[in-house]
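Remarks on the structure that follows.
Because the structure is predicted, anything quoted here is derived from the model rather than measured.
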Amino acid sequence: MKRSVLIATTAALCGLGAGWTVRRLPDSGNAQHHTSSASEISGPTSAPLPPPQVFGLPSIDSVVYARGSELRRLIVRFLTAASIEDIEALLAAAIAQGDPRPEVFHYRWQMLTLRRAVELDAPAFHLWVNAFDGFPDADSREQLVSHFFIEWGQYDLEAALAASAGESERTRHIVLGQLGKADPDRALAMMHAEANGKSQRWQRAIETYESKRMADTASDDPRRALEAMLENDASTEELEYDKIGKILDRWSETDPAAAWDWLQGQPIIHYFAERAMTALVNANPDTAMAKLTELDDGAGKRTAAVTMAEAWAKKDIDAALSWALAQPAGIRGKLFNAIATPLAGSDPRRLFQIMIDEGIYGSDQTLNQMEFQYETGSFGSNGSTIGLRKSIEIAAKSIAAEDPRLALTYLGLIGEGDISAISGQWAAKDRSAVLDWAGTLPNGNFKRQVLQPAIATWASEFPGQAAAHLNDIGFTNDRTLAQSLANEWIKTDTDAAIEWARNAGNEALLGTLSAVASQSPPRSAKEAGLIEDTVTRRNAINNVANVWQRTDPGSTVQWIASLPEVDDLATMLRSPSTNWVSREPEAASQWIGSLPAGAARDNAVTGMVSALVSSSNPQKDFEAAAIWADTIQNSRLRQESQKYVRDTLAKRTGEGGAQ
């Protein structure tokens with residue numbers, strides 16, 4: 001076969017002039033090449049020719065270890081002049097390099113190499129692959145062989161089909177797939193004939209071909225074909241939905257209104273209504289709107305309306321919006337959600353303006369969504385809300401790239417969105433601008449979220465100045481901002497951070513001690529125990545315990561149990577006790593067992609019982625758990641622990657619930 005256009009092009013890339021052609025030298029032990037002048041082919045030329053040049057075939061090592069543009073230059077030069085033996089040697093060397101594999105064996109170069117091997121001598125290369133024993137594993141061989149047959153099938157399908165009969169299922173499947181594009185009936189017959197012993201993937205391929213053939217043959221009378229399928233299958237579990245879907249899709253391409261009408265009332269409507277409505281909208285939105293009005297009010301109609309809005313927005317977003325916003329309040333928010341994502345990409349400011357003008361989001365809309373879900377039973381509020389939040393995020397980021405203040409203003413007005421992320425990006429560019437603007441905002445959660453990233457970045461350089469700024473704007477006693485400030489301050493001066501927090505207020509102290517606990521739990525625990533206000537002290541101890549138990553649950557349990565008002569804090573012992581028993585069962589059991597009778601011991605034992613039979617405990621001990629549960633003095637806790645042990649054991653042994 002003549003060389004492809006690719007090879008002719010690569011010759012030019014290798015530096016061959018228009019008057020020269022590559023020719024292999026006979027008896028060249030090092031596989032070198034030389035050029036013959038154009039006059040040897042087409043007669044003398046009017047201008048003198050330059051002296052012949054000698055071009056050597058690039059060494060295999062130079063190709064294997066080349067990178068970037070040098071690799072491109074060398075590999076096209078190599079493939080232009082290489083024999084099938086040269087290509088085999090190149091691949092053998094590339095495979096031998098192991099991990100990390102050289103770039104020459106990456107996908108695009110491998111496919112180019114295999115394509116050239118097919119052009120030169122595909123049967124000979126196939127014999128070499130079968131005889132080559134240098135593959136590191138079966139998967140490596142399978143990958144190369146399958147790519148080789150992809151190229152062979154495109155070059156000579158019949159030869160590839162015959163040769164692939166002895167190859168793996170994966171390779172055979174690839175070649176039969178190529179045959180299926182040209183002759184699906186023959187491919188299907190061969191797949192049926194070879195199905196014995198094949199995997200589920202092979203069977204799924206057969207079903208796909210059968211579905212396609214059935215859809216082709218059913219195109220003359222799709223209604224009759226569908227009704228025959230429904231009549232022959234006794235239940236919906238036996239239906240072949242892939243085949244039904246293909247027939248419906250073909251029908252929807254030619255007569256979407258008829259396909260939609262037939263689907264109404266059928267037992268399979270819930271599986272295919274969305275596809276049918278989308279086809280209707282794509283064909284004619286006015287027809288889709290008319291079909292929608294014919295439906296009875298209820299979940300099915302509302303589901304179809306949302307599908308219609310989503311499909312229509314892809315064709316004509318203005319028309320879709322106009323229709324959606326004219327619908328009743330109970331469905332308007334859902335329809336807008338379906339349009340929000342493309343709107344966020346095309347006109348983000350308009351997205352926010354519609355939400356504000358129409359009251360699409362906020363507490364009232366949340367209530368509408370909850371009522372809508374309850375009424376229809378067909379839409380999950382979480383999925384809807386998540387979809388809209390994603391659209392808000394896309395729109396806010398787009399606007400913030402030019403005007404972060406406007407983006408934050410929009411997010412504040414609708415009460416939703418990642419405010420801290422937008423503010424953080426702004427603060428990284430102009431922290432002073434963020435702080436100045438935040439100073440004009442009323443105290444509240446929105447101001448906190450705007451301030452937080454700016455305070456954190458400021459505190460990483462000048463924590464004292466950041467703290468003074470919070471004092472100046474009257475936003476000192478805020479737990480979240482204090483923790484953001486302290487997270488940075490404690491890296492250089494923990495004492496100063498704690499001293500500031502003591503004077504700032506209880507909320508600031510709670511946030512600061514939470515930050516200190518991540519670095520030094522004992523120091524934070526000591527400060528928490530000194531707090532005079534009972535409620536603040538309890539909250540501080542709880543915060544410290546939650547952080548400390550992650551790294552040292554034993555010390556956490558012992559600290560809580562040592563506090564003067566342990567009865568008031570006893571419930572805090574459960575979680576760290578559970579963690580301690582899971583990590584160090586003997587030490588935890590011995591220490592907890594030594595506690596005096598009382599609420600602290602009862603709660604610690606409750607945590608230990610939970611840990612002994614926990615699903616995360618690979619060495620469960622139901623007997624020990626039952627014995628410990630019996631020692632709990634508080635009757636309510638004792639009964640709950642005993643029942644928990646019985647129920648967990650029953651589930652493990654398959655005996656049902658507790659008796």
Side-chain angles (χ1 to χ4, degrees), residues 443-445 448 452 467 470-471 474-487 489-490 493-580 588 591-592 594-608 610 632-638 640-641:
N443 287 354
N445 188 50
R448 176 184 300 108
Q452 187 175 358
L470 289 180
N471 294 338
F475 214 157
T476 300
N477 194 25
D478 183 278
R479 187 184 308 188
T480 302
L481 290 178
Q483 186 167 349
S484 295
L485 173 65
N487 281 333
W489 206 345
I490 62 177
D493 195 340
T494 301
D495 292 338
I498 293 176
E499 183 62 28
W500 169 81
R502 287 198 193 106
N503 298 321
N506 289 333
E507 289 299 313
L509 185 56
L510 284 172
T512 300
L513 292 184
S514 293
V516 174
S518 64
Q519 184 186 70
S520 176
R523 174 67 189 280
S524 188
K526 178 182 176 182
E527 294 293 336
L530 298 175
I531 298 175
E532 295 182 0
D533 181 73
T534 303
V535 175
T536 305
R537 180 173 64 253
R538 178 182 175 80
N539 288 337
I541 292 171
N542 189 48
N543 291 346
V544 173
N546 286 336
V547 175
W548 199 357
Q549 68 164 322
R550 298 170 194 164
T551 57
D552 192 349
S555 296
T556 308
V557 170
Q558 295 175 35
W559 167 60
I560 294 174
S562 70
L563 295 171
E565 299 180 18
V566 68
D567 288 347
D568 184 48
L569 306 171
T571 53
M572 298 181 191
L573 284 167
R574 294 191 188 182
S575 180
S577 296
T578 301
N579 288 340
W580 192 15
W591 193 88
I592 293 173
S594 68
L595 288 174
R601 185 183 189 280
D602 283 351
N603 281 281
V605 171
T606 300
M608 182 162 61
S610 175
I632 299 174
Q633 289 189 337
N634 183 289
S635 59
R636 179 182 60 81
L637 289 180
R638 182 174 63 253
E640 288 178 355
S641 294

When rounded to the nearest 0.5 angstrom, what is the spacing between [atom1] in [X] and [atom2] in [Y]?
X      : Y      : atom1 : atom2 : value
Thr536 : Glu507 : OG1   : CD    : 7.0 Å
Glu640 : Ser610 : CD    : OG    : 12.0 Å
Leu510 : Asp533 : CG    : CG    : 9.0 Å
Arg538 : Ile531 : CZ    : CD1   : 13.5 Å
Ile490 : Gln519 : CD1   : CD    : 4.5 Å
Ser514 : Asn542 : OG    : CG    : 9.5 Å

Query raised in the report: side-chain contact (heavy atoms from CB on, under 4.5 Å) between Trp559 and Ile541: does it pass, once the steps are laid out?
Result: CA-CA 10 Å; Trp559 167 60; Ile541 292 171; 3.5 Å; yes
Does [X] use its side chain to pair, donor to acceptor, with the backbone of [Y] at less than 3.5 Å?
X      : Y      : value
Arg537 : Gly529 : no
Ser520 : Val516 : no
Asp552 : Trp548 : no
Ser484 : Thr480 : yes
Asp602 : Asn634 : yes
Ser641 : Arg638 : no

Which heavy atom of [X] sits nearest a heavy atom of [Y], and at what distance?
X      : Y      : result
Val544 : Ser524 : CG2-OG, 3.2 Å
Ile560 : Ala545 : CD1-CB, 3.9 Å
Ala515 : Asn487 : CB-OD1, 3.1 Å
Ala508 : Ala501 : O-CB, 3.9 Å

Would a 4.5 Å heavy-atom cut-off, applied to side chains only, mark [X] and [Y] as touching?
X      : Y      : answer
Asn543 : Leu513 : no
Arg601 : Gln633 : no
Gln483 : Thr512 : no
Arg574 : Leu637 : yes

**Report entry** side-chain contact (heavy atoms from CB on, under 4.5 Å) between Arg523 and Ile498, worked out
**Finding:** CA-CA 10 Å; Arg523 174 67 189 280; Ile498 293 176; 3.4 Å; yes
Requested in this report: Show your working on side-chain contact (heavy atoms from CB on, under 4.5 Å) between Trp580 and Thr556 and close with a plain yes or no.
Outcome: CA-CA 9 Å; Trp580 192 15; Thr556 308; over 6 Å; no
Query raised in the report: Under the criterion side chain to side chain contact (heavy atoms under 4.5 Å, CB included), which of Leu573, Leu595, Ile632 is the partner of Val605?
Result: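 The residue from Leu573, Leu595, Ile632 that satisfies side chain to side chain contact (heavy atoms under 4.5 Å, CB included) with Val605 turns out to be Ile632.
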